[in-house]
Amino acid sequence: MHLTNHGTLRLLTTADLTGAMELSRLAGWNQTQDDWEMMLQLDPLGCFAIETDDRIAATTTLLSYRNRLAWIGMVLTRPEYRRRGFARRLMESALKRADKLKIESIKLDATPQGQPLYEKLGFKTEQIVERWFHDGKRPDLGIQPATSPPQYSPLYSLEMDMQAFGADRSTLLRILASRNSPHNIAEAFCFSRAGTHARYLGPFVAQTQRAAHLVIEHTLRHSSESGWFWDLLSTNKSAVQLAEELGFAPQRRLERMVLGESVPKNDEMVYAIAGFELG
């Protein structure tokens, strides 16, 4: 098969979702087609692709949380098209858009394979993000009955989320809530959603460990035969302790990297991130 060297760099569209999902599948990532559609909905001008030989060969997404923060994700290349500079071309396009939007801070969660490229582009490691896993098959997660069950509704505190995350991601939360309402109380909320390999926990924000325990225990009552993924910041010791108590185990580590100044945030309130591609 003849393979072109450069390909065509363009915006990703809904017509490309099958090809984009194929890249996720080849990489073994957990995103679903709903996740890809959500990223296009959040920022259609920030989803980039390289097309070559009539297929999607590589992708990168840039999601802007107003002009305060932007998140780069879905940096994927089909195995047969690697080492052609596709990822760098897409990253440079994403960074050019971020510059045009006057974004203050740009972040991403880097795999070991992608980290050298990001360092060459000026990104620096901020902290470690860990993926924890529970197989979801054991009947007892060590959860005690709660005295006051949390609500199960689209309501959650945007002010609390802004304090924890450091930027306005209300549009993202609204879309996630339309897909699956979070468990929440006044001091905490926890979203979950389907994944290709396991059900995903997050975003999960809480002001206290007690509030976090209350909402997570009810979220986990909804069985997941495929298990649960929980991505947390290793610096949040309360989140690590809670994950251990509930029978989760660490599975992989990524480096959270930043270009520009890091926005003020409160990592002690972030019990689970929204996703490697979302922040």
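The model shown is predicted, which means the values in this text are computed figures rather than measured ones. FYI, the numbering just counts along the sequence from 1. Side chains are part of it too, since the values below use all heavy atoms of this structure and drop only hydrogens, waters and symmetry mates.
- With respect to Ser262, the side-chain hydrogen bond (donor to acceptor under 3.5 Å, both in side chains) criterion is satisfied by exactly one of Lys124, Glu126, Gln127, Arg256: Glu126.
- Ring orientation note: the planes of Phe189 and Tyr156 are tilted relative to one another, at an angle of 30° to 60°.
- Side-chain contact of Gln241 with Glu245: a donor-acceptor pair under 3.5 Å is present, judged by distance alone.
- Screening Tyr200, Tyr271, Phe248 against Trp230 for a ring pair (Phe, Tyr, Trp, His ring centres under 6.0 Å) leaves a single residue, Phe248.
- In this structure, the side chains of Gln41 and Glu37 stay at 4.5 Å or more apart for every pair of heavy atoms.
- Using modelled atom types, no side-chain atom of Asn180 and backbone atom of Phe191 make a donor-acceptor pair closer than 3.5 Å.
- Between His183 and His218, the angle of the ring planes lies from 30° to 60°, which puts this pair in the tilted group.
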Walk me through whether Glu92 and Lys96 qualify under salt bridge (Lys or Arg N to Asp or Glu O under 4.0 Å).
CA-CA 6 Å; Glu92 289 173 346; Lys96 186 180 296 184; over 6 Å; no

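- Checked by atom type and distance alone, the side chain of Thr77 never pairs as donor or acceptor with a backbone atom of Arg82 at under 3.5 Å.
- Counting heavy-atom neighbours within 6.0 Å of Arg10 CZ, excluding the residue itself, gives a total above 12.
- Relative to the ring axis of Phe229, Arg131 places its NZ or CZ within 45° and under 6.0 Å from the centre.
- Heavy atoms of other residues, nucleotides or ligands lying less than 6.0 angstrom from CZ of Arg66 number 12 at most.
- The pair Asp161-Arg169 counts as a salt bridge, with a side-chain nitrogen and a carboxylate oxygen less than 4.0 angstrom apart.
- The number of heavy-atom neighbours closer than 6.0 Å to CD of Glu22, taken from other residues, nucleotides and ligands shown, is above 12.
- Under the side chain to side chain contact (heavy atoms under 4.5 Å, CB included) rule, Glu217 has a single partner from Thr219, Val215, Leu220, Leu214, which is Leu214.
- Side-chain atoms of Asp109 and Ile273, non-hydrogen and from C-beta on, do get closer than 4.5 Å to each other.
- Thr196 contributes a side-chain N or O that, together with a main-chain N or O of Gln31, makes up a donor-acceptor pair within less than 3.5 Å.
- The hydrophobic cluster containing Leu117 does not contain Met74, counting ILVMFWY residues as joined when their side-chain heavy atoms lie under 4.5 angstrom apart, directly or transitively.
- Considering only heavy atoms from C-beta on, Glu255 comes within 4.5 Å of Ile128 through its side chain.
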